[in-house]
Amino acid sequence: MPLKNTITGRAWVLGDNVNTDDLHPPSFFSMDSKRMKEGIVAGMKNLNASEEEEIDTQGLIIVAGDNFGCGSSRETSVRALIASGVQGVIARSFARIFYRSLVNLALLPLVCRTIQAVVQPGDTLTLFPQEQKIRIGNDRFFDTDPMDLHFHRILESGGLIGYLRREMSVESKEHGRGI
Amino acid sequence: MSKGYTGEIIRQHADGRQEGNYIAVHVDRVLVHDPALALLIKDFEKLGTPIWDPGRVLLTVDHFAPPSTVERANLVRQVLEFSKQAGLTHTQVYQGICHQLFVEGTGVVPGGLVVGSDSHTTTAGALGCLATGMASTDILYTLVTGNTWLCPPDAVRVNLSGKMPDSVMGKDIILYLLGRSGEGGYLGNALEFYDHSAHIGMDDRLAICNMVVEGGAKNGLFYPDEITAAYLKNRDGAVETGVWDTLSVPKYKKEETIDISFLEPQIALPHSPANGVPVKDAVGEKVNQVFIGSCTGGRFRDLEMAAQILKGRRVHDTVRLMASPASQKIYRQAIEKGYIQILVDAGAVILNPSCGPCGGIDKGILAAGDVCLSTSNRNFKGRLGDPAARTFLCSPLTAAAGAVQGVITDPRDFL
């Protein structure tokens, strides 16, 4: 499964060192996707949305600063972003466990160091993962850092479980030949 | 090459496959806890594959320990059913916090490579191994294959020298280091500590390695020495010595030195573990809850130091003090030494070993406006309860001094 050609969404802009407790408060740990999604709304209110604001998480693309997703490894923070319809995550740098979780669950992470200076909340963003570009609106382009081949392969497999299935099928074929 | 001892450990565990900058490695031990495993049970059912080596897996029920809601009770039930079906042989229910149980049992040894489903898995690096945290799906991959993929990190060597003052603990050392580096100051790095003359005890080393992740580090380890050997001898009986001597001399990206003899007690201001300042700069702030416990600050020496201050004293009448040993083993030792009696006499509530109060899961959730002194590892906004509560991180000495006075207090006033 190749990476999507383009992904479009609205910018949700965050600062530096946003941790997973900020993003998805621990009290929302749950296997229930409704409860999980409520956690993202609570996180948005904690971070930068007003109490009264009507929040629509569908189609958001996060633009964060440095060290995004630091803190707890709870995978529910990424699962909740996916359940809430978030389409992609851009940051100047990522905390390592959070980055791995985004890749493992196939929510596209992109490292970009320049967009933070100009992006405004709600801007329409288009991600071009193959070309390593991000576009704001119709004409402002930003470069993203190349993704490591290992993570690229996991994303192409639809996530780490897909990658594992692929490895297992190769192994069983090889094993079959041996017999 | 600037990959340190960590790079050597990765090289020794490599299975020959590489993709980009990532190397596939064999894993010696895996740690997984209740909430992380609960997320994986359906995936395991769909995959229908066995666990690669059930004897190398430590499963702990420590987050929902015991569970406080019906949903969590059901998750614990599912986790225990999974453990039985998968044939896991090291499943510990309510026996302590995973990071403590991981180093209490055999199997985590110098030169080893271990992963766990929790960011604080870095704790085990105190024994001189590569220990790093992963999220659930990465752990599933390891549970099925016995492998994981790692990028050898740039290593930073931290030399610790000078005699440790009586008022300073491992927690003060790591808060100082994090305050200096900032949150994410060691992003993706290995932090390798060399204890030249400080003779830092194992409980303090575990607290230091526990919190390297707050600086963004991939792992933290103490270069094995006679303190490591003594710990292992006590734990395992016989010790294989010289494991680490066979490795080539590591090279580093950067070297830092801390003379601990000059260090003062430290405290991290809300809402970041990297907001460390000397306690003397924060004295006088009123506190109404104090927590002594967690995988950072609930070990034997932590309870011993807290008891030293609380002996014959009473907790201030505006403060609620909660103490929680990091494991049942520590709990028993602290009872035998009389520390639990001292804490109870001082007015502390003793909680069972669990992750509850540190992760905002249960027991001791903070209300808006509450101010908490905690020996745990994170004071992020909203982690311990209402986002309008404030948490300061400190050593058990500083926590106990604050509990007595009702305000942030320099523990040197009591020593």
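Chain letters run A, B, ... following the sequence lines, proteins first, then strands; residues in each count from 1.
- The ring pair (Phe, Tyr, Trp, His ring centres under 6.0 Å) search around A/His24 returns none, not counting sequence neighbours.
- Looking only at heavy-atom pairs under 4.5 Å with chain A, the residue among B/Val213, B/Leu47, B/Val144 that has the most is B/Leu47.
- A pairwise comparison of heavy atoms in A/Gly71 and B/Phe380 identifies CA-CE1, 3.8 Å as the closest pair.
- Put simply, the side chain of B/Leu140 reaches to within 4.5 Å of the side chain of A/Leu164, judged on heavy atoms.
- The part of A/Met168 that comes within reach of chain B is its side chain, from C-beta onward, which places non-hydrogen atoms under 4.5 angstrom from that chain.
- Taking the side chain as every heavy atom from C-beta outward, B/Lys46 and A/Arg165 approach each other to under 4.5 Å.
- No side-chain heavy atom of B/Met134 sits under 4.5 Å from any side-chain heavy atom of A/Ser73.
- If you measure heavy-atom distances from B/Thr121 to chain A, you find no contacts under 4.5 Å at all.
- For a heavy-atom cut-off of 4.5 Å, chain A lies close to B/Glu71, B/Arg72 in residues 65-74 of chain B.
- In this structure, CG in B/Leu384 is found 11.5 Å from OG in A/Ser27, a value given to the nearest 0.5 Å.
- Between the A/Arg96 side chain and the B/Gly133 main chain, a donor and an acceptor come within less than 3.5 Å of each other.
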Step by step, would you call B/Ser119 with A/Arg74 a side-chain hydrogen bond (donor to acceptor under 3.5 Å, both in side chains)?
CA-CA 9 Å; B/Ser119 59; A/Arg74 277 192 319 275; over 6 Å; no

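- Considering only residues two or more places apart in sequence or on other chains, B/Lys42 meets the side chain to side chain donor-acceptor pair (under 3.5 Å) condition with none of them.
- Rounding to the nearest 0.5 Å places OG1 of A/Thr76 at 6.0 Å from CG of B/Leu39.
- Side-chain contact annotation: A/Glu75 with B/Thr137, donor-acceptor N/O pair under 3.5 Å present.
- Side chains of B/Tyr141 and A/Ile154 form no contact here, defined as non-hydrogen atoms less than 4.5 Å apart.
- Using a 4.5 Å cut-off on side-chain heavy atoms (C-beta onward), B/Lys381 and A/Asn46 make no contact.
- Of the atoms belonging to B/Phe44, not a single heavy atom falls under 4.5 Å from chain A.
- Only the side chain of A/Asn19 comes within less than 4.5 Å of a heavy atom in chain B; its backbone stays farther off.
- Panel note: side chain A/Asp148, backbone B/Asn21; a donor-acceptor pair is recorded below 3.5 Å.
- With contacts defined as side-chain heavy-atom distances shorter than 4.5 Å, the pair B/His271/A/Asp21 does not qualify.
- Between A/Phe151 and B/Trp149, the closest side-chain pair of non-hydrogen atoms is not below 4.5 Å.
- For the options B/Asp118, B/Asp138, B/Leu187, heavy-atom pairs under 4.5 Å to chain A are most numerous at B/Asp138.
- With a 4.5 Å cut-off on non-hydrogen atoms, B/Arg383 touches chain A through its backbone and its side chain both.
- With a 4.5 angstrom heavy-atom cutoff, A/Ser72 touches chain B via backbone and side-chain atoms both.
- Interface check for chain B: of the options A/Val78, A/Leu160, A/Asp16, the most heavy-atom pairs under 4.5 Å are formed by A/Leu160.
- Within residues 359-370 of chain B, the residues having any heavy atom under 4.5 Å from a heavy atom of chain A are, by residue number, B/Gly359.
- In this structure, B/Arg77 places its CZ atom where only 12 or fewer heavy-atom neighbours from other residues, nucleotides or ligands lie under 6.0 Å away.
- For chain A, the nearby part of B/Pro387 is the side chain; its heavy atoms alone come within less than 4.5 Å.
- Taking each heavy atom of A/Met31 and B/Leu75 in turn, the nearest pair found is CG-CD2, 3.5 Å.
- When all heavy atoms of A/Asn17 and B/Glu183 are compared, the pair lying nearest together is OD1-O, 3.5 Å.
- With values rounded to the nearest 0.5 angstrom, A/Glu167 atom CD is found 7.5 Å from B/Asn147 atom CG.
- Contact of A/Phe94 with chain B is made through the backbone alone, with heavy-atom distances under 4.5 Å.
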